[in-house]
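Have a look at the structure below before the remarks.
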Amino acid sequence: MTYVFSFLWLIVAVVVQVLVFNHLSIWGGVAMVYVYTLAKLPVEMNRSLQVFVGFLTGLVIDIFCNTPGMHAFTGATTMWLREPLLRLFVDSEDFKAGVPGIYRPGFSVFARYLLALIILHVVVLYGLESFSLFQPTVLLLKIFVSLILTFVISLSLEVLQRN
């Protein structure tokens, strides 16, 4: 049941991302809500399946945003590094299965894990998009704004959930 629920939330997040958040830009930065749903996938999910889901999610966003494979590569990279990031913040004996959240393993641990995952995702995506350091201030501004928007919206969604 957890897998079905997670995939339904992922589909909703992708639709909302494509229809709403991609059109709301502040100083070039965009909130990436789908990263939150990728971070909330069940821990016990096979790592290859996680990478495939990240790739597929990014590919759907690429199709609607006319970005040639940038979101697909970033989604696959983010999901490939998700497990090591999760292990970095959460003890393996404390967290063997389930969905990460503010109640399990705790608010501060989840916030640090989520922030690290969002930083990774945003830096890889905008690094691919710019593919150079020709305008470093514009790149850093887009990274910073996207990071803040995504993190605040993701934590707000997590607090609003009751599980």
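FYI, the numbering just counts along the sequence from 1.
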Report task. Could you tell me which residues satisfy side-chain contact (heavy atoms from CB on, under 4.5 Å) with N66, sequence neighbours excluded, listed by chain and number? Result -> none

Report task. Sorted by first residue and then second, give each ring-ring contact (aromatic ring centres under 6.0 Å, His included) pair with at least one member in residues 65-86; sequence neighbours left out. Result -> none

Report task. For I119, enumerate each residue passing the side-chain contact (heavy atoms from CB on, under 4.5 Å) test, keeping only those at least two apart in sequence or located in another chain. Result -> L115, V123, L147

Requested in this report: Please name all residues satisfying side chain to side chain donor-acceptor pair (under 3.5 Å) with T77, sequence neighbours left out, ordered by chain then number.
Outcome: none

Query raised in the report: Do L140 and L149 sit in the same hydrophobic cluster, where Ile, Leu, Val, Met, Phe, Trp and Tyr count as joined when their side-chain heavy atoms come under 4.5 Å apart?
Result: no

Requested in this report: Could you pull out the closest heavy-atom pair between F89 and A116, with the gap in Å?
Outcome: CE1-CB, 3.7 Å

Query raised in the report: Taking L125 as the fixed residue, which of V35, T74, T78, L120 is the one that meets the side-chain contact (heavy atoms from CB on, under 4.5 Å) rule?
Result: T74

Query - All pairs passing salt bridge (Lys or Arg N to Asp or Glu O under 4.0 Å) where residues 65-81 contributes a residue, at least two apart - result: none

Requested in this report: Over all heavy atoms of both residues, which pair between G127 and L139 is shortest? Give the atoms and the distance, please.
Outcome: N-CD1, 4.5 Å

Requested in this report: With sequence neighbours left out, write down each residue that passes side chain to side chain donor-acceptor pair (under 3.5 Å) with Y126, or none if nothing qualifies.
Outcome: S146

Query - Residue pairs fulfilling ring-ring contact (aromatic ring centres under 6.0 Å, His included) with at least one residue in residues 32-51, sequence neighbours excluded - result: Y34-H121

Query raised in the report: Tell me, do M79 and L38 make a side-chain contact under 4.5 Å, heavy atoms counted?
Result: yes

Query raised in the report: Do any N or O atoms from the side chain of R82 and from the backbone of Q50 form a donor-acceptor pair under 3.5 angstrom?
Result: no

Report summary line: Those residues at least two apart in sequence (or on a different chain) that pass side-chain contact (heavy atoms from CB on, under 4.5 Å) with I153 are F21, A31, V33, L157

**Report entry** Qualifying salt bridge (Lys or Arg N to Asp or Glu O under 4.0 Å) pairs, either residue in residues 141-157, two or more places apart
**Finding:** E129-K142

Report task. Show which residues join I148 in its hydrophobic cluster (side-chain heavy-atom contacts under 4.5 Å, direct or indirect), or state none. Result -> F144, V152

Query - Side-chain cluster (under 4.5 Å, hydrophobic types only) that V138 belongs to, other residues - result: none

**Report entry** Derivation and outcome, side chain to side chain donor-acceptor pair (under 3.5 Å), residues R87 and Y113
**Finding:** CA-CA 9 Å; R87 289 180 192 264; Y113 154 70; over 6 Å; no

Query raised in the report: With sequence neighbours left out, what residues match F55 under side-chain contact (heavy atoms from CB on, under 4.5 Å)?
Result: L59, A72, A76

Query raised in the report: Can you find a pair of side-chain heavy atoms, one from V109 and one from R112, that are under 4.5 Å apart?
Result: yes

Query - Value rounded to 0.5 Å, distance of CD1 in I118 from CD1 in I143 - result: 14.0 Å

Requested in this report: Taking all heavy atoms of A39 and all of L117, pick out the closest pair and write down the distance.
Outcome: CB-CD2, 3.3 Å

Report summary line: To the nearest 0.5 Å, atom OG1 of T150 lies from atom CG of L155 at 11.0 Å

